[in-house]
Amino acid sequence: MGFEIGELMVAAAAREIRDEERVFVGMRLPMLAFFLARRTHAPGTVGIFENGVVRDRPSPAPLATMSDTPNVVGALWCGGMLEPMSLLQRREVDVGFIGGAEVDRFGNVNSSYIGDPRRPNVKLPGSGGGADIASLARRILLIMPHDRRRLTERVGYVTSPGFGDGPGWRSRVGLPPGGPSALITTMAVFRFPDGEALLESWHPGFDADDVRRETGWDVRLAPGAGPTEPPSDEDLAVIQELDPEGIWTRR
Amino acid sequence: MGFEIGELMVAAAAREIRDEERVFVGMRLPMLAFFLARRTHAPGTVGIFENGVVRDRPSPAPLATMSDTPNVVGALWCGGMLEPMSLLQRREVDVGFIGGAEVDRFGNVNSSYIGDPRRPNVKLPGSGGGADIASLARRILLIMPHDRRRLTERVGYVTSPGFGDGPGWRSRVGLPPGGPSALITTMAVFRFPDGEALLESWHPGFDADDVRRETGWDVRLAPGAGPTEPPSDEDLAVIQELDPEGIWTRR
Amino acid sequence: MSKLVTMGEAVAELVPDGSSVVMGTCLESMIPFAAGHELIRRGRRDLTLIGPISDILFDQLIGAGCVARVEAAWVGNVSAGLGHGYRRAAEQGRPRRIEIVDHSNLSIALGLHAGALGVPFLPTRSLLGSDIAAGSAAFEEQRDPWSDDRLLAVRAIRPDIAIVAVQRSDEEGDAHVWGNLGVTHDAVMAAERVILLAEEIVGADEIRSDPNRVLVPGFRVSAVVHSPGACHPSPVQGRYRRDHDSYGAYHEATRDEDGFADWLREWVLDVPDRDAYLELLGPRWEELRDLHEALAAPVDYGW
Amino acid sequence: MSKLVTMGEAVAELVPDGSSVVMGTCLESMIPFAAGHELIRRGRRDLTLIGPISDILFDQLIGAGCVARVEAAWVGNVSAGLGHGYRRAAEQGRPRRIEIVDHSNLSIALGLHAGALGVPFLPTRSLLGSDIAAGSAAFEEQRDPWSDDRLLAVRAIRPDIAIVAVQRSDEEGDAHVWGNLGVTHDAVMAAERVILLAEEIVGADEIRSDPNRVLVPGFRVSAVVHSPGACHPSPVQGRYRRDHDSYGAYHEATRDEDGFADWLREWVLDVPDRDAYLELLGPRWEELRDLHEALAAPVDYGW
C-alpha cells in the first residue's frame, strides 16, 4: 500500500466535496481535503473558517490553527465570527466537517463529557463551532479515529446533533434538514441514507468483519458495500505538496 | 438684538449638553449646538451620527449632510449604522436631538403623516432615526420652528414617542425612561418636568402671550418662567466660527 | 471567473419587474443613482424599494412610476426636505398608488440584520408606543423570556437584490469599501443577489492585500459593473464630493408633474448611459473630484 | 485624556475578585496572556471566564485557582487537545470546583452580540436538540411569531470587563486592530469596562487617519496598557507568529498538579512582568518576530 491511511481519508473526504460548494473548513485532514478537492475536481469551492477567514488558496505557510498569521494573508475576506456563522444559519454552507470523541449510529457527536456531566469521568474541550455546523450546514462529514469506544450505540451527551434517534427527529426538534452524509474513519466509510449509519466501504488492510469488531453498534452494510477507493496518484501528489512533512497525514 | 434667533437657539441647546456626555447629533442647529458645547463648557463630549460616524472635532469643511466626505475625515470611529444605534439601545447615549413637523403637549412628535395615513394630506419623509432616538436616548431635545399648526394639542400620528398621554405611559408601553427634556422653538423654551410641556422662557422680542397665541395647547408657565438667556459673546464668536456664512443660523 | 457586465446587462438580467431592491444603504453617501436611472430607462415596474434614507433616488424611481411599495425610514430630499415625487404618489396616487411600510433607521437596520444572520426576526426596545409599529406587518410585540419585558420583534427583510457602490472591486466581486457604511454590510448579506457598482476595477491581489476591508466574500456577488461616477450627486469617500446644488435643482424642477417629466427626460431618459450623464454635468464633474488627499496609515499583515 | 496605565494598575483597579471577564475573543490569535498572568500573580479569585475558544489561557487561570465559572464553547489546548487544568477542575474539583456553562461558538457570539446590541436575547436556529441547550439557563426555546418555527433564544452576555489586544492604540483607547477578529467587536461593545493591551502606542492622528479600522470608539475603553508581546504564545498579525512549541511544552509540563505548579512558578509567579517573560523566551522571541511583510493597499479618505 503506497499511501498512509491519513492520505486515503483526505482523498475520500475530498471526493465528498462538489464543485462550487462552500465548505466550512476545520483544521488538519478537513483542510487538506478541501484544498485537494479544489486542486482536482472542484476548482470553484470556497473555504470558510469560523474565526472569520474566507479563502480559496492555500496559505503561504503551513497552519497549526486557523488563526495563524499565514491564514489571513491572501484571504478573500476576513472579519468576525458572526459572519461565517451567519452563512451557516442562512443555509449557504453546503458542507462542514466535524470531529469529536464519540459518534453514534445516528451520527450524533459528543465532544463535551464522558460520564455524568455533573461529575464527568472526562471533561472534553466542548463544541467549539461543531454543534453549529452540525445544526446548520446542509450536510456534514464526520472524521474520526476508528475505535469501539468512540463509535458507540448511543452517545451519552449530544454536543453536535446528527439524526437524533432516527428519521423525523431533526424536524421534530426544529433543526433544518442536514446531518451527516458520511462518517470517514481510520478503517471505513459509513453513510446515512435514512439517518442511520450503514457501512459503505472498508479501507485497505481491513474487511467488514474488522469494522464490525471495532464498532460499538450492530453494523449493517450499505447496498454495494466494498473496499474504499484508494487515493489516485494525482491525489497523493497534491496531498504531499500540501503536507510536505506529513504532519497531518503521516505524523 | 445683536444676534439671530438661530444663534440663540444654538446657544440654548448647547447649554442642555453637559460635559462628558455622549450626544446623538443631527445636522444643522443640533450639530452647531454640540460643537459649541464642546468648545465652551463641555470639552469632553463626543458626537455620534447615525450613519456610523463618531467624532469630537468639527469636520475640516462644512457639512450639508452627515455623510458628506469631510465628516469621515478625522473621525474617532466610522462604520455601520447598527453600532451607533446599539449605543442608543444600550442606554449609553445621554442626549439626542429631534425635529419634526408637529409636536404635542406631551412631547410626541409626528414626522410621518398629516391627515389619515391611508390617504394623507401631506406625506412627510418619515422617522429616519428620530423614533429610535426618542425611544432610547436618556433624554431628548426637540428643536422646531414655532407655529400654531406645529405645536398642537395632540399629534395625529406618533412617529417619535415622547410622554404619550402623560406620566407612566412610557413604562406602560415598555419604553425605557427618557423623553423630551426641552422643546426649543424659534420663540420659546418649554420643559417637561412631569411629562407635560411647561413654558420656561421666551426669546427676545416675544412675551408669554405671544407664545400662548402661537401654541396649539393651553400654555402653562413653569415656576420662575422668564426671558430666555441670550447667547454670550463667546457663544456668538464660536457659532460664527462654526457657521461663518450663517447658512444655518442666519440663512 | 469574471462577473463584469454593463449596467444594462446587470439590470436586465438581475432586476426583473416586481423585484425587491435595497439601495442607498450608506445613507446620504454612495447612493447608486446610475443603477436607479437604468431601472427607469428600462421601464421597470412594481419594484419594492428598501432602504433607510434614500435621499432623492427613491423619489425619482417613484416619480417615474417604477415602484409599487416602499419599505424605508425616510424618503425625501436631504438637502430640501420633502420629496415631491413621493408626496404625489402617497397623497394623490400619481403616477400610481404606492404601498408604504414605515420603518425607523434602527428597525430597517435590524430587519436587514435579521436577514443577514439568517433568523426570522430580531428583538428591539425601540418603537414601543410609536405608531410606526402599531398595526404594521413588519412588527410583532413579544416578551423577553427571562425578564418578561416588552419587546418588539422586527421581521427579517430579505431583498431580492442589493445594489451597492464600492470604491474598488476585482472582477469576481471581492471589493473594498470605506467611509460611513450604514447598513451596507447587512444589506449585501441579506439579499439574494448583489450588484456592485465599482468606481474602479483592480486586480485580485490588491483586494486580498487587505481582507479586513472587503465588503463581503465575492461568492455573494452576482455582477460587477465598472461605473465611475455612479453615485453622483451623492458623494464617494476618496473619489468625489456631494453635489449639493443638484439636490436643490431637482427639488425646484420637480414641484409639478410636468417639471418632473422634463427633469426625467433631461437627466435620465435622453441620457444613454453614465458616461453621457457625466458629460452633461460639464466642468462641475471635474470640480467635484478635486479632493484633499487623506491617506490611511499603513497596515502590515505580516506573517 | 490619557488612559495609559501599567498592567498591574489595570488589573488591580478594573478586575476585582468575582469579575466576569471576556478574553480570547479572536479565537486562537491575539489572546491576552499577559493580562491572564497578571491576574494569576495578583491571586484573583472567583472569576467568571467568558470566551469562545480560549486556548490554554483559560486552562492556566483555572489551574491557578482563579476561576469559579466558565462560559465558553471550547476550553483546552488547540495544539494538543485536552487541557489538563480544565480537566482536573471539572473532573476532580482540583484546585477547586468550577461551574461550566456550555456554549457553541455561535451561541457565545450571539450572547455577546445581544449584549452589544442592548437586547436581552437573540434568536438562533442552532443547537435545537443539542444537550448544550437542554436545561441550560443560557437558553430558552421560543417560537417565531410569524411562522411559529421553533427557535432558541440565547440570553445576552454582558461581561464586567473585556480584555483584548490590539496592534496599535492612542493614549485614549482609539485603536486599530486587524486580522481575524472573532467576537472581539461585540465583546468590547457588550462589556461594562474594557482594557486594551496595545502592541504599540501611536498618536491620535494615526488612528484617525483610518476610522473604519478603529475597533471601538475610545470612550468605551477604560484603560490602555502598552504591552508589546502581550499575546505570546498566540500570534498577532503583523507583529509575531504563533509559538507552537510553547503549547506542546505546556501540555507535557502540566500533566499532573506538581508539574502545573512548577510551570506556573517558572512562567508566571517568578516572572515580575511581561518584559521579564519575553527575556525568558530568549532568542525564540526574536525569531517569532521575523515576519514576511504584507502591506495593505493604500486607501485615500479624500474629501
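Lettering follows sequence order; numbering is per chain, from 1.
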For [X], does the [atom1] atom sit with more than 12 other heavy atoms under 6.0 Å from it, leaving out its own atoms?
X: D:Asp148; atom1: CG; result: yes
X: B:Asp116; atom1: CG; result: yes
X: B:Arg119; atom1: CZ; result: no

- Indicate yes or no: at least one non-hydrogen side-chain atom of B:Asp56 is less than 4.5 angstrom from one of D:Phe219.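 The answer is no; the side chains never approach within 4.5 Å.
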- Message: Quick check on the interface: out of B:Gly79, B:Pro70, B:Gly80, who has the most heavy-atom pairs with chain D under 4.5 Å?
- Response: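 Heavy-atom pair counts peak at B:Pro70.
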- Item | Max heavy-atom pair count under 4.5 Å with chain B, selected residue of D:Arg158, D:Arg208, D:Met1, D:Glu172 |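 Ranked by heavy-atom pairs under 4.5 Å with chain B, first place is D:Arg208.
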Residue by residue, which of [range] have a heavy atom closer than 4.5 Å to a heavy atom belonging to chain D?
range: residues 23-53 of chain B; answer: B:Val46, B:Ile48
range: residues 61-69 of chain B; answer: B:Ala61, B:Thr69
range: residues 88-102 of chain B; answer: B:Gln89, B:Arg90, B:Glu92

- Query: What's the shortest heavy-atom distance between B:Ala75 and D:Pro211, and which atoms?
  - Reply: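 The answer is O-CB, 3.8 Å.
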- Give the minimum heavy-atom separation between D:Val214 and B:Trp77, together with the two atoms involved.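 What the structure gives for the nearest pair is O-NE1, 3.1 Å.
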- Quick one: which residue pairs count as a ring-ring contact (aromatic ring centres under 6.0 Å, His included) with a foot in residues 138-158 of chain D, not counting sequence neighbours?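 As it turns out, the ring-ring contact (aromatic ring centres under 6.0 Å, His included) pairs with a partner in residues 138-158 of chain D, which skip direct neighbours, are D:His103-D:Phe139.
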By a 4.5 Å heavy-atom criterion (distance strictly below it), what part of [X] contacts chain B: side chain, backbone, both, or neither?
X: D:Asn212; value: both
X: D:Ile207; value: neither
X: D:Asp170; value: neither

- Message: To the nearest 0.5 Å, what is the distance between OH on D:Tyr301 and SG on B:Cys78?
- Response: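 Going from the OH atom of D:Tyr301 to the SG atom of B:Cys78 covers 6.5 Å.
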- Query: For B:Leu136, is it the side chain, the backbone, both or neither that has a heavy atom under 4.5 Å from a heavy atom of chain D?
  - Reply: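 B:Leu136 has no heavy atom closer than 4.5 Å to chain D.
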